[in-house]
Amino acid sequence: MSVHLAAGPGDIAPIVLLPGDPLRAQFVAERFLDGAVCHNRVRNALGYTGHHHGRRISVQATGMGMPSFSIYAHELIESYAARVLIRIGTCGALQPELAVRDIVLAMAASTDSAMNHHRFAGMDFAPAADFDLLRRAHELATGCGLAVRVGGVLTSDAFYPDRDDWWRIWARHGVLAAEMETAALYTLASRSGVRALSILTVSDHIVTGAQSSAEDRQTGFGAMVELALALAASLPEPQSGS
Ligand code: HPA
């Protein structure tokens with residue numbers, strides 16, 4: 001048990017999928033995992049562990065934003081010996097060639113958050129994906145014909161920033177999309193020597209205002225989960241420390 005997770009020792013698999021939304025964690029467990037057991041209900045941050053094609057996998061909701069995400073990532077790594085963390089989330093596109101339902105593999109995460117400035121005493125850390133996870137996910141996605149892009153994302157503290165043109169500087173520097181968690185994931189993973197990747201579905205277009213329909217969201221989320229599970233299945237069994 002940790003402060004925010006009620007799971008017992010060994011209840012959580014070394015590979016953990018991380019959606020923000022608890023109902024998406026439940027959906028993943030019910031739809032994709034065999035014999036899923038709920039390991040956490042604290043704060044309704046639902047978490048489940050089950051099997052997919054024989055591989056033991058957990059899915060744990062993280063809530064939204066770097067502070068909430070960091071609590072769950074920290075406890076999964078430090079208290080439950082998680083070794084591979086795969087975020088499955090949504091993002092808002094910043095580049096004209098991206099469309100809703102496209103998949104973004106986050107190679108690196110810029111951020112407007114002060115969290116890393118505190119952590120690194122005002123200096124800039126470059127949060128980056130695990131290259132092997134990124135390479136495998138890209139190969140799997142292109143192999144099954146998914147519309148996938150690899151590049152930088154912006155991890156923002158604000159879903160509703162004050163300034164209308166806040167996105168321009170990031171778009172101008174080639175950042176593909178905005179979301180709210182990946183910089184924390186890559187920073188904590190680097191710190192602990194665990195492997196991490198963010199797989200994101202475009203749910204809206206920040207520049208054009210395009211929005212995905214409810215059906216788009218469901219289908220897009222399903223495709224992303226299948227990619228994340230195929231990635232998990234492709235890995236050698238990670239050595240759990242617990
Ligand atoms: N901004 C931040 N996070 C997001 C967005 C967005 O527009 N869309 C989905 N996640």
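Only this structure's heavy atoms are used, side chains among them; waters, hydrogens and symmetry mates stay out. As the structure lists them, so they are numbered: ligands from 1, and atoms in each ligand from 1. Residue numbers start at 1 and run along the sequence shown.
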Protein contact of atom 6 (C) of ligand 1 - nearest heavy atom, named by residue and atom, plus distance:
F159 CE1, 3.7 Å
Run the side-chain hydrogen bond (donor to acceptor under 3.5 Å, both in side chains) check on E179 and S156 step by step: do they pass?
CA-CA 6 Å; E179 52 83 70; S156 178; over 6 Å; no
For T187 and N116, does a side-chain donor sit closer than 3.5 Å to a side-chain acceptor?
yes
Within ligand 1, which atoms have a heavy atom of D204 less than 4.0 Å away?
5 (C), 7 (O), 8 (N), 9 (C)
Of all the heavy atoms in C91, does at least one lie under 4.0 Å from an atom in ligand 1?
yes
Distance from atom 3 (N) of ligand 1 to nearest protein heavy atom, with residue and atom
E179 CA, 3.4 Å
In Å, rounded to the nearest 0.5 Å, how long is the span from CZ of F32 to CG of L17?
10.0 Å
Go through the steps to decide whether L5 and Q60 satisfy the test side chain to side chain contact (heavy atoms under 4.5 Å, CB included), and finish with yes or no.
CA-CA 10 Å; L5 294 172; Q60 174 61 54; 3.5 Å; yes
Should you measure from each heavy atom of T90, which atoms of ligand 1 turn up under 4.0 Å away?
9 (C), 10 (N)
Close-contact set for ligand 1 against M180 heavy atoms, below 4.0 Å
2 (C), 3 (N)
Where ligand 1 meets S203 - atom numbers and elements under 4.0 angstrom, heavy-atom basis
8 (N), 9 (C)
What I want to know is whether G92 and ligand 1 share at least one N or O pair that is separated by under 3.5 angstrom.
yes
R24 charged N/C atom sitting above F221 aromatic ring, 6.0 Å / 45°
yes
Between E237 and R55, does any side-chain N to carboxylate O distance fall below 4.0 Å?
yes
